[in-house]
Amino acid sequence: MPSTAPIKPWDVHRLPPATGTNVLVTGGNAGIGYFVAEQLAGAGATVVLGSRDTAKAETATVSIRSRVPGAQVRWVRLDVADLSSLKASVEALRLDRLDAVVLNAGVMLDNPPRHETEDGHELMFATNHLGHFALTWWLAPLLAAAPAARIVTTGSFAAKSERLDLDDLQSTRDYQPKRTYARSKLAQMLFGLELDRRLRAAGSTALSVVTHPGGALDSLTPSRPPVHVRTTGDRLRTLPAGILVQGKDAAAWPAVRAVLDPYVAGGQLWAPRVFGLRGLPRPAPLWGHLADTTVAARLWDASCELTGVNPSVGL
């Protein structure tokens, strides 16, 4: 069960030192993942960006180094939608231990048609859930070598109103892009919570924590050229939206806190404070369907079958 210990004060602009820790951020070359990586590097962590795009990864690495003097940051090629490539990506980390992984990479398609990976899996379900499920298994020896590793899974507020169809996890019968995306993120969150239950049962020192970033807009995100450029017009047009949502720099705060805060407990959900959409990160009550252990266990079994791995083994 998640800890009920009181939550200590947290300053998003004065993070605790993370020197000597190794962190992998999947999808760390852009969006929220970029700001997770930048903030962790600013705290002194050695950060590895996992990216399938070589040019974007190099650009993000240069950007972080320009903003964080002495940043320990590099990248590895990582395509979580390609299950056969994950072993080589983990070997390319060249680390003796991994103190945290932020499972952040994701894809959201706006329009049909339905797309499949080379493994025959629906693209959003494969990228957002199955790839991270399998990656955790490959990372297990490195995570187990750390004294108290953290697996941080980035979900989505969109998952709050969805339910899984366990008989159609890959949306072969009912493909609606926005629904399929939300369900893939729900699967990711259920995985993070089920993983922590299994880690606790095994007596592991590793923790699994789930976060969601709330509402995040590019137009409210500070510029990081050439990774991201926000014009004055963009900022002015969406200024009223800042009452309800935030930029991707602030949307990174829950994941950063989940990695660094010593008082974070396994099995928790961390989210923005204001209606779950914006503001400082805090622990949030689990949505009712996230607490469904039967659905989570069935999803776990299905994911093992689809990927051929079991992430709780070895952690």
Side-chain angles (χ1 to χ4, degrees), residues 26-27 31 33 50-53 78-87 89-90 101-140 151-198 208 210-213 287-313:
T26 72
S51 173
R52 62 183 179 180
D53 189 308
L78 174 64
D79 182 356
V80 290
D82 181 1
L83 297 178
S84 65
S85 71
L86 297 181
K87 180 176 184 289
S89 294
V90 170
V101 57
V102 180
L103 305 177
N104 164 83
V107 63
M108 178 171 63
L109 303 180
D110 293 325
N111 298 301
R114 182 178 176 276
H115 296 272
E116 289 189 353
T117 67
E118 291 187 5
D119 297 307
H121 303 310
E122 189 281 318
L123 181 60
M124 288 187 278
F125 185 70
T127 304
N128 301 344
H129 171 58
L130 289 180
H132 285 125
F133 185 91
L135 177 64
T136 303
W137 184 79
W138 286 109
L139 290 173
I151 301 99
V152 178
T153 299
T154 304
S156 171
F157 196 75
K160 187 172 186 179
S161 59
E162 278 299 336
R163 300 295 184 275
L164 285 187
D165 182 348
L166 290 166
D167 296 319
D168 190 25
L169 287 172
Q170 308 219 48
S171 303
T172 56
R173 298 192 302 268
D174 178 26
Y175 181 76
Q176 301 173 48
K178 286 184 172 55
R179 168 172 281 187
T180 297
Y181 169 78
R183 288 178 171 179
S184 71
K185 297 301 284 187
L186 174 57
Q188 203 176 0
M189 296 172 83
L190 286 167
F191 156 61
L193 295 168
E194 178 66 13
L195 175 60
D196 194 72
R197 283 189 285 268
R198 292 175 183 242
S208 177
V210 175
T211 71
H212 80 74
W287 307 329
H289 56 310
L290 285 181
D292 191 329
T293 57
T294 299
V295 168
R298 290 182 60 191
L299 171 67
W300 186 283
D301 291 342
S303 301
C304 288
E305 183 175 349
L306 290 168
T307 61
V309 301
N310 186 341
S312 62
V313 174

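In this text the structure is predicted, and so the values were computed from the model without any measurement. Each residue takes its place number in the sequence, starting with 1.
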Nearest heavy-atom pair of [X] and [Y]: which atoms, and what distance?
{"X": "Leu169", "Y": "Ala302", "result": "CD1-CB, 3.7 Å"}
{"X": "Gly192", "Y": "Ser208", "result": "O-OG, 2.6 Å"}
{"X": "Met189", "Y": "Ser156", "result": "SD-N, 3.7 Å"}
{"X": "Trp300", "Y": "Pro311", "result": "CZ2-CD, 3.7 Å"}
{"X": "Ala81", "Y": "Leu123", "result": "CB-CD1, 4.4 Å"}
{"X": "Ala182", "Y": "Ala158", "result": "CB-O, 3.5 Å"}

Is the backbone N or O of [Y] less than 3.5 Å from a side-chain atom of [X], with the two atoms forming a donor-acceptor pair by type?
{"X": "Arg114", "Y": "Ser171", "value": "yes"}
{"X": "Thr180", "Y": "Tyr175", "value": "no"}
{"X": "His289", "Y": "Leu164", "value": "no"}
{"X": "Asp79", "Y": "Arg52", "value": "no"}
{"X": "Gln170", "Y": "Glu122", "value": "yes"}

Item to complete: Report the C-alpha distance between Leu299 and His129 in whole Å, list the side-chain angles of each, state the deciding distance to 0.1 Å, and finish with yes or no for side-chain contact (heavy atoms from CB on, under 4.5 Å).
Response: CA-CA 11 Å; Leu299 171 67; His129 171 58; 4.0 Å; yes
Worksheet entry | Short side-chain donor-acceptor distance under 3.5 Å, His132 and Thr26 | yes
Discussion item. Distance alone, cut at 3.5 Å: any donor-acceptor contact between the side chains of Asp82 and Ser84?
Written reply: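 Their side chains do contain a donor-acceptor pair, which is all the 3.5 Å distance test asks for.
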Worksheet item: Does Phe157 have any ring-ring contact (aromatic ring centres under 6.0 Å, His included) partners at least two apart in sequence or in another chain, and if so, which?
Response: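 Residues passing ring-ring contact (aromatic ring centres under 6.0 Å, His included) with Phe157: His212.
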About how many Å separate [atom2] of [Y] and [atom1] of [X], when rounded to the nearest 0.5 Å?
{"X": "Leu83", "Y": "Trp138", "atom1": "CG", "atom2": "CH2", "answer": "10.5 Å"}
{"X": "Phe125", "Y": "Thr117", "atom1": "CZ", "atom2": "OG1", "answer": "11.0 Å"}
{"X": "Leu130", "Y": "Phe191", "atom1": "CG", "atom2": "CZ", "answer": "10.5 Å"}
{"X": "Asp301", "Y": "Asn310", "atom1": "CG", "atom2": "CG", "answer": "8.5 Å"}
{"X": "Leu190", "Y": "Asp292", "atom1": "CG", "atom2": "CG", "answer": "8.0 Å"}

Worksheet item: Would you say Glu118 has more than 12 foreign heavy atoms packed within less than 6.0 Å of its CD?
Response: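 No, because the 6.0 Å sphere around CD of Glu118 holds 12 heavy atoms or fewer from other groups.
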Quick one: does [X]'s side chain get under 4.5 Å of [Y]'s, heavy atoms only?
{"X": "Arg173", "Y": "Asp165", "result": "yes"}
{"X": "Asn128", "Y": "Val80", "result": "no"}
{"X": "Leu78", "Y": "Leu135", "result": "yes"}

Worksheet item: Can you pull the salt bridge (charged side-chain N to carboxylate O under 4.0 Å, His left out) pairs that have at least one residue in residues 174-189, sequence neighbours excluded?
Response: Glu162-Arg179, Glu162-Arg183, Asp174-Arg179
Item to complete: Please step through side-chain contact (heavy atoms from CB on, under 4.5 Å) for the pair Leu109 and Tyr181, ending with a clear verdict.
Response: CA-CA 8 Å; Leu109 303 180; Tyr181 169 78; over 6 Å; no
Worksheet entry | Verdict with supporting geometry, Val101 and Thr136, side-chain contact (heavy atoms from CB on, under 4.5 Å) | CA-CA 9 Å; Val101 57; Thr136 303; 5.6 Å; no
